[in-house]
Amino acid sequence: MATKKKKDSSEGMSIGRVWRAVSIPLVSVLLALLIGAILLLISGASPMEAYQALFKGSFGSMKAFGRTLEKSTPLILGGLAVAFAFKAGLFNIGGQGQLLVGAITAAYIGFAVTGLPLIIHLPLALFAGSLAGALYAAISGALKTYTGAHEVITTIMLNYIAINLTDYFANGPWKDEGIIARTPAVLETAVIPAWGFVPIGFFIAVLMAFVTWYLLERTTWGYEIKTTGLNAFAAQYAGIKVPLIIIMTMGFSGFLAGMGGAIETLGVVGRYQPGFNAGLGFDGITIALLAKTHPLGVIPAAILVGAMQAGSSQMQFDADVPFQIIDVIQALMLFFVSADVIVRWLLGRRGEDGDKVSLGTGWG
Amino acid sequence: MATSATVTKTNTKKKIDSKTMMIGGALLLAAVVLYKYMNDPITTTAVLSSTIRQSTPLVLGALCGLIGERSGIINIGIEGQMLMAAFVSFLVNVYTGNLFIAITSGILAGMGMGLFLAWMSIGLKMDQIIGGTVINIMALGLTSFFYQVGLTTKGKLPSIPLGPLAEIPLIGPVLFDNPPITYLTMLLVIAVQFALFRTVWGLRTRAIGEHPSAADTVGINVNLTRYLNVSFAGAFAGLAGAYLTLEAVGSFERGMTNGRGFVALAVMIFGKWTPLGSWGAALLFGFASAYQTQLQFSGNIEIPHQFIGMLPYLLTIIVLAGFVGRSRPPAAVGQLYETE
């Protein structure tokens with residue numbers, strides 16, 4: 001906690017401080033792109049051409065930029081979900097399952113509830129999706145508290161269960177007419193509008209980043225969450241109800257991921273279709289760690305990953321590079337930002353002792 | 001069916017020792033299997049031999065996990081190790097046409113990923129859970145990027161019936177008519193069990209996982225042993241990967257491990273970090289998968305297939321929730337060891 005105080009007393013945004021915070025993620029991204037380029041060379045493609053196409057497809061035009069923001073939206077929420085749980089020492093890799101459950105619930109409220117005005121219907125669908133994600137994630141929280149089952153395994157297993165569950169609903173009771181397995185389109189009163197090329201959902205996600213930051217930094221609950229993450233035994237001793245904190249933290253984390261799914265359904269796809277956004281859980285991990293688990297840092301990290309996703313089809317089209325290279329680069333970014341020893345060594349900087357959260361506690 | 005019976009038994013008479021319980025459970029299981037076999041020999045044989053084969057990658061993954069954890073390193077990257085090995089052995093088989101070289105390269109790929117994990121958690125002092133996640137994401141990305149649709153393996157490992165043993169009804173086709181990696185796995189389980197509890201290496205491994213500083217005092221090089229063990233354990237995950245492409249499926253698909261690496265972790269915990277226990281647990285999971293496939297094919301059941309498809313994953317959660325508290329992980333698992 002001593003380091004925390006020091007940070008607060010020097011609240012001024014000096015350039016040196018910003019550089020210290022940003023340099024490691026930034027160098028990590030550059031190193032990842034560099035190794036990505038080498039892999040592209042090995043596979044016989046031109047890295048320059050590929051990266052140019054990637055940029056063109058993500059920031060090259062207003063339309064491309066809009067698509068980048070659209071792709072970033074669930075990524076911001078997925079990244080926040082991981083970052084938030086991280087603060088309590090919890091590793092939520094079930095973002096994908098929570099997103100799917102949130103998406104299909106939002107779709108159901110969107111097409112099945114009729115006769116409501118937009119001002120009620122849209123928030124209702126959005127909230128229902130988020131809540132579904134929250135409850136789904138809270139299962140893992142409760143399992144950890146009451147049985148000791150580690151959330152890494154339970155959230156992964158719940159991902160597979162969510163895939164089956166949503167597939168059942170989209171194929172069975174909630175299936176649209178026709179042969180395609182999907183729900184009917186959501187009603188107009190539940191659609192998140194776009195403002196020109198800018199999707200409104202993006203702003204909801206950014207707002208949630210500020211809400212998450214406020215929760216963590218300015219409320220008692222946030223303080224209790226962070227204390228639990230640093231030392232659960234000490235927190236318990238200090239009178240914090242650790243079991244409740246774990247369940248609530250997983251719940252809010254799932255709330256964020258579920259909202260990501262709901263926005264995707266209500267603002268982009270317009271209905272639930274199995275198989276969308278398959279890799280979000282893992283993307284969220286990369287984004288959260290790239291942001292050094294800072295809720296506001298999640299926004300630029302998610303835009304970066306979103307841009308790569310938005311530009312990947314252009315890259316496949318122009319430079320004939322399989323879009324999966326994006327996943328490799330993301331994994332490399334995750335590696336370098338976590339292995340900050342390497343980057344520190346490159347920058348000639350000594351290790352700094354920050355607050356360290358261990359994810360392995362309660363393993364097994 | 002058999003397990004629930006054993007559980008009620010423990011509740012009523014707590015004093016019964018575990019050996020009697022195991023023998024009782026085994027007898028009950030044998031009775032149920034025999035009864036089923038009398039009624040429907042073909043299906044029973046099919047489900048049981050499928051159980052053995054489905055359990056192979058799980059027990060191999062669990063061996064990889066437990067050697068790591070016994071030495072103090074958490075490995076949640078088994079999924080990625082398996083996937084990478086599956087891809088490498090597939091690719092080598094496609095280009096050389098040789099099954100033996102393909103399996104060997106799969107094993108080496110698994111070991112390479114193990115070494116990478118060891119380097120991240122010991123050399124770079126990364127959080128071990130994040131290290132494992134890096135492996136999972138990296139393997140998924142690399143294999144998807146380099147995979148080209150349309151390649152097929154040249155041949156697949158065939159079943160080798162073991163002479164007259166394979167002729168025994170029920171037991172023959174289930175135990176003595178399997179492809180090579182499945183046989184090898186049965187031997188490896190016993191070998192690792194012996195090595196872990198009856199050799200110097202095993203003692204050292206358990207020492208650095210329980211009390212690394214005490215082990216250090218008596219002259220065991222903790223971090224070097226961890227490096228060696230985690231890399232060596234990767235061989236088992238590698239073999240599991242080779243099993244998937246060369247023995248089970250005969251080709252590669254993106255993300256074909258389908259969570260088996262994580263199920264293997266649950267198997268390891270359920271098996272109380274012992275090879276023999278993990279084998280039992282893997283057979284239970286293998287049975288769930290085999291039974292699920294049987295249910296889906298028979299088609300005379302009203303349950304939607306998605307719910308049947310959830311079975312192995314639900315079972316993992318139930319087993320974890322029910323058994324985690326009762327088994328104890330190695331004391332120093334997940335902790336970085338540094339000398340002062």
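Numbered from 1 within each chain, the chains take letters A, B, ... in sequence-line order.
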Original post:
Below 4.5 Å, heavy atoms only, C-beta onward: do B/Ile269 and A/Ile153 meet side chain to side chain?
Top reply: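 They are in contact (side-chain heavy atoms under 4.5 Å apart), so the answer is yes.
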
| task | State, with a plain yes or no, whether a side-chain heavy atom of A/Ile161 is found less than 4.5 Å away from one of B/Leu314. | result |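 Answer yes - side chains close enough.
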
For [X] and [Y], which heavy atoms make the closest approach, and how far apart are they?
| X | Y | result |
| --- | --- | --- |
| B/Gly259 | A/Tyr160 | N-OH, 2.9 Å |
| A/Ala149 | B/Leu320 | CB-CB, 3.9 Å |
| A/Thr147 | B/Ala321 | CB-O, 3.1 Å |

Measure the spacing between [atom1] of [X] and [atom2] of [Y] and express it to the nearest 0.5 Å.
| X | Y | atom1 | atom2 | answer |
| --- | --- | --- | --- | --- |
| B/Met310 | A/Asp167 | CE | CG | 9.0 Å |
| B/Tyr313 | A/Ile163 | OH | CD1 | 8.0 Å |
| A/Met157 | B/Ile317 | CE | CD1 | 7.5 Å |
| A/Phe336 | B/Leu124 | CZ | CG | 10.0 Å |
| A/Phe91 | B/Asp127 | CZ | CG | 8.0 Å |

Okay, B/Tyr147 and chain A: the region with an atom under 4.5 Å from a heavy atom over there is neither

Does any backbone or side-chain atom of [X] lie under 4.5 Å from a heavy atom of chain B? Answer side chain, backbone, both or neither.
| X | answer |
| --- | --- |
| A/Val328 | both |
| A/Leu289 | side chain |
| A/Asn171 | side chain |
| A/Leu143 | side chain |

| request: Heavy-atom pairs under 4.5 Å with chain A are the metric here; pick the option from B/Glu79, B/His305, B/Arg254 that has the most. | output: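 Most heavy-atom pairs within the cutoff with chain A belong to B/Arg254.
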
- Query: So does A/Phe323 have more than 12 non-hydrogen atoms from other groups sitting under 6.0 Å from CZ?
  - Reply: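 Not buried by this count: 12 neighbours or fewer within 6.0 Å.
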
Within 6.0 Å of OH in B/Tyr337, more than 12 heavy atoms from elsewhere
yes

Of the listed A/Leu165, A/Thr154, A/Ile329, the one with the largest count of heavy-atom pairs under 4.5 Å with chain B is A/Leu165

Worksheet item: Are the aromatic ring centres of A/Phe335 and B/Phe116 under 6.0 angstrom apart?
Response: yes

Donor-acceptor contacts, no H, no angles, side chain residues 128-145 of chain B, under 3.5 Å, sequence neighbours left out:
unit_1	atom_1	unit_2	atom_2	d
B/Gln128	OE1	B/Ile74	N	2.8
B/Thr133	OG1	B/Ile129	O	2.8
B/Asn136	OD1	B/Gly80	N	2.8
B/Asn136	ND2	B/Ile76	O	2.9
B/Asn136	ND2	B/Gly132	O	3.4
B/Thr143	OG1	B/Ala139	O	2.6
B/Thr143	OG1	B/Leu140	O	3.2
B/Ser144	OG	B/Leu140	O	2.7

- Task: Could you tell me which residues in residues 58-68 of chain B have at least one non-hydrogen atom under 4.5 Å from a non-hydrogen atom of chain A, sorted by residue number?
- Result: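 Under the 4.5 Å heavy-atom cut-off, nothing qualifies.
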
